[in-house]
Amino acid sequence: MSNYATYPSLKNRVVYLTGGADGIGGNLVRLLAAQGAKVAFIDINADLGKQNANWCKDQGYAHTPLFLEGDIRDIARLEESIDQAADHFGPIQVLVNNAANDDRHKFGEITPEYWDERFAVNLRHQYFAIQKAVPYMRQCDGGSVINIGSSSWMMKEDFFPAYATAKSAIQGLTRTLARTLGTDNIRVNSVVPGWVVTDRQLDKWWSEDGEKETLNNQCLKQRVYPEQFNQMVLFLAADDGCACTAQSYIVDAGRGGL
Ligand SMILES: NC(=O)c1ccc[n+]([C@@H]2O[C@H](COP(=O)([O-])OP(=O)(O)OC[C@H]3O[C@@H](n4cnc5c(N)ncnc54)[C@H](O)[C@@H]3O)[C@@H](O)[C@H]2O)c1
């Protein structure tokens, strides 16, 4: 990350994020820890969660990230983990709602139960994490909420309708809560990935044709990696994003979006 910015305001900043074991969130934990932030994260994957926190510890960063095992579909556990993060590091100043699951599903085969489960893993937790974190942010006279969206619905991708619908709602959630929380100096934004190359993407969804099509659509003819995507998240977490709220920032190498 040597060519990227260092943000003085991220030093000692208390950040809670969901899905910090792997992928974009895993990388974000490492970037934030390198900036000197106090990072706590929940994840369902205990092995990778511990591994990520330990990796940061081995780097000798000022603060070792706190890994909290849990499932974000379980709102009681999600809320408890936010309290645990605050007990450990102090009041939450930045919340990154990142965890999600992009499993494929077909239009005609979705049951009401599966629909609800897709919304629980891709949308519901974002609202309740904000509701829980806001009192801590008020104690700090402000904060930053960053909701990770998806450009899939903008691109009219049709292989996961419940996921795409849930992800589209993140834009509405962001705008309405930006109004509600603006008077508390709490900023609410979303950052929207196009195709970001993670291990899961390569393992589960990659194909030569798919990558060719993506690069064809992108203005920049190169892969987007988590570290590149997360530069926008760091900016919004830092004081540098202090005048930005109610926005969705697309980081997709010019793939499409709205
Ligand atoms: N990678 C992409 O191309 C892409 C594209 C569009 C949107 N996104 C969005 O970016 C965010 C991160 O995606 P990613 O590609 O890094 O995903 P990923 O699958 O690589 O990582 C997600 C992390 O969340 C965790 N997680 C999943 N379900 C959980 C649960 N129920 N409880 C707790 N933790 C859980 C996983 O264990 C993992 O550590 C998501 O919001 C996703 O929708 C990613």
Side-chain angles (χ1 to χ4, degrees), residues 1 7 10 12-59 61-75 77-102 120-126 128-130 132-133 136 143-150 170 189-191 193 196-201 203 225-238 251:
M1 66 175 277
Y7 294 99
L10 288 181
N12 298 324
R13 184 150 290 183
V14 180
V15 183
Y16 174 94
L17 70 113
T18 61
D22 202 8
I24 290 170
N27 174 260
L28 185 60
V29 167
R30 297 189 289 279
L31 294 183
L32 284 163
Q35 296 268 351
K38 299 174 175 176
V39 190
F41 65 100
I42 188 171
D43 206 288
I44 202 168
N45 188 328
D47 288 344
L48 288 183
K50 285 179 201 156
Q51 209 173 294
N52 207 21
N54 284 334
W55 185 90
C56 295
K57 188 179 181 188
D58 291 344
Q59 304 310 303
Y61 296 143
H63 309 285
T64 299
L66 175 68
F67 167 60
L68 300 154
E69 188 176 351
D71 185 335
I72 48 154
R73 290 169 294 188
D74 175 353
I75 298 299
R77 174 62 192 130
L78 175 73
E79 291 175 341
E80 180 187 53
S81 74
I82 292 173
D83 283 337
Q84 287 175 306
D87 286 347
H88 189 79
F89 282 132
I92 312 296
Q93 296 166 287
V94 175
L95 165 68
V96 185
N97 278 318
N98 163 74
N101 181 295
D102 66 351
V121 79
N122 290 311
L123 177 65
R124 185 178 65 168
H125 58 91
Q126 293 211 359
F128 289 100
I130 298 169
K132 184 71 186 173
Y136 289 118
S144 175
V145 175
I146 301 155
N147 301 320
I148 306 302
S150 168
I170 288 167
N189 290 288
S190 83
V191 184
V196 177
V197 181
T198 59
D199 289 347
R200 177 178 162 90
Q201 293 296 317
D203 288 351
Y225 287 100
E227 188 177 47
Q228 298 166 321
F229 174 82
N230 280 328
Q231 297 310 311
M232 183 63 82
V233 181
L234 293 181
F235 173 82
L236 291 169
V251 182

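Just so you know, these numbers use all the heavy atoms, side chains as well, and skip hydrogens, waters and symmetry mates. Numbers for residues simply follow the sequence, beginning at 1.
Side-chain contact check for Leu68 versus Leu66: some heavy-atom pair is nearer than 4.5 Å. Between Cys56 and Val29, some side-chain heavy-atom pair lies under the 4.5 Å cut-off. Between Gln201 and Asp102 there is a side-chain heavy-atom pair separated by less than 4.5 Å. For the pair Lys38/Leu32, no side-chain contact is recorded, criterion being any heavy-atom separation below 4.5 Å from C-beta on.
Between the Ser190 side chain and the Gly149 main chain, no donor and acceptor come within less than 3.5 Å of each other. The backbone N or O of Leu10 lies less than 3.5 Å from no partner atom in the side chain of Gln35, so there is not a single donor-acceptor pair. A donor-acceptor contact shorter than 3.5 Å is absent between the side chain of Asn189 and the backbone of Ile146. Within the 3.5 Å criterion, the main-chain N or O of Pro226 finds a donor-acceptor partner in the side chain of Asn230. Although no hydrogens or angles enter the test, the distance criterion places no donor-acceptor pair under 3.5 Å between the side chain of Gln231 and the main chain of Gln228. The closest donor-acceptor contact from the side chain of Asn98 to the backbone of Gly19 lies under 3.5 Å.
The distance from the CZ atom of Arg13 to the NE2 atom of His63 is 12.5 Å, given to the nearest 0.5 Å. Between atom CG of residue Asp22 and atom CG of residue Asp43 there is a gap of 7.5 Å, rounded to the nearest 0.5 Å. A distance of 12.5 Å separates CG of Leu95 from OH of Tyr136, quoted to the nearest 0.5 Å. Taking CD1 from Ile42 and CG from Leu17, the interatomic distance works out to 10.5 Å, rounded to the nearest 0.5 Å. With rounding to the nearest 0.5 angstrom, the CD atom of Glu69 is 8.0 Å from the CZ atom of Arg77. To the nearest 0.5 Å, atom CD of residue Glu79 and atom CD1 of residue Ile82 are 7.0 Å apart.
Tyr16 pairs with exactly one of Ile92, Val94, Asn97, Val39 by the side-chain contact (heavy atoms from CB on, under 4.5 Å) rule, that one being Ile92. A side-chain contact (heavy atoms from CB on, under 4.5 Å) with Ile148 is found for one member of Leu28, Val96, Thr18 and no other, namely Val96. The only option from Lys132, His125, Arg124 that meets the side-chain contact (heavy atoms from CB on, under 4.5 Å) definition with Phe128 turns out to be Arg124.
Closest of all the heavy-atom pairs between Gln126 and Asn147 is OE1-CB, 3.2 Å. Residue Pro65 comes nearest to Phe41 through the heavy atom pair CB-CE2, 4.0 Å, listed as atom of the first residue, atom of the second, then distance. Closest approach of Tyr225 to Val196, counting heavy atoms only: C-CG1, 3.8 Å. Counting all heavy atoms, side chain and backbone alike, Asn101 lies closest to Asn122 at N-OD1, 2.8 Å.
Under the 30°/60° scheme for interplanar angles, the aromatic rings of Tyr7 and Phe235 are found to stand perpendicular.
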query: Given the rule in the side-chain contact (heavy atoms from CB on, under 4.5 Å) test, do Asn52 and Phe67 qualify, once you have shown the distances and angles that lead to the verdict?
result: CA-CA 8 Å; Asn52 207 21; Phe67 167 60; over 6 Å; no

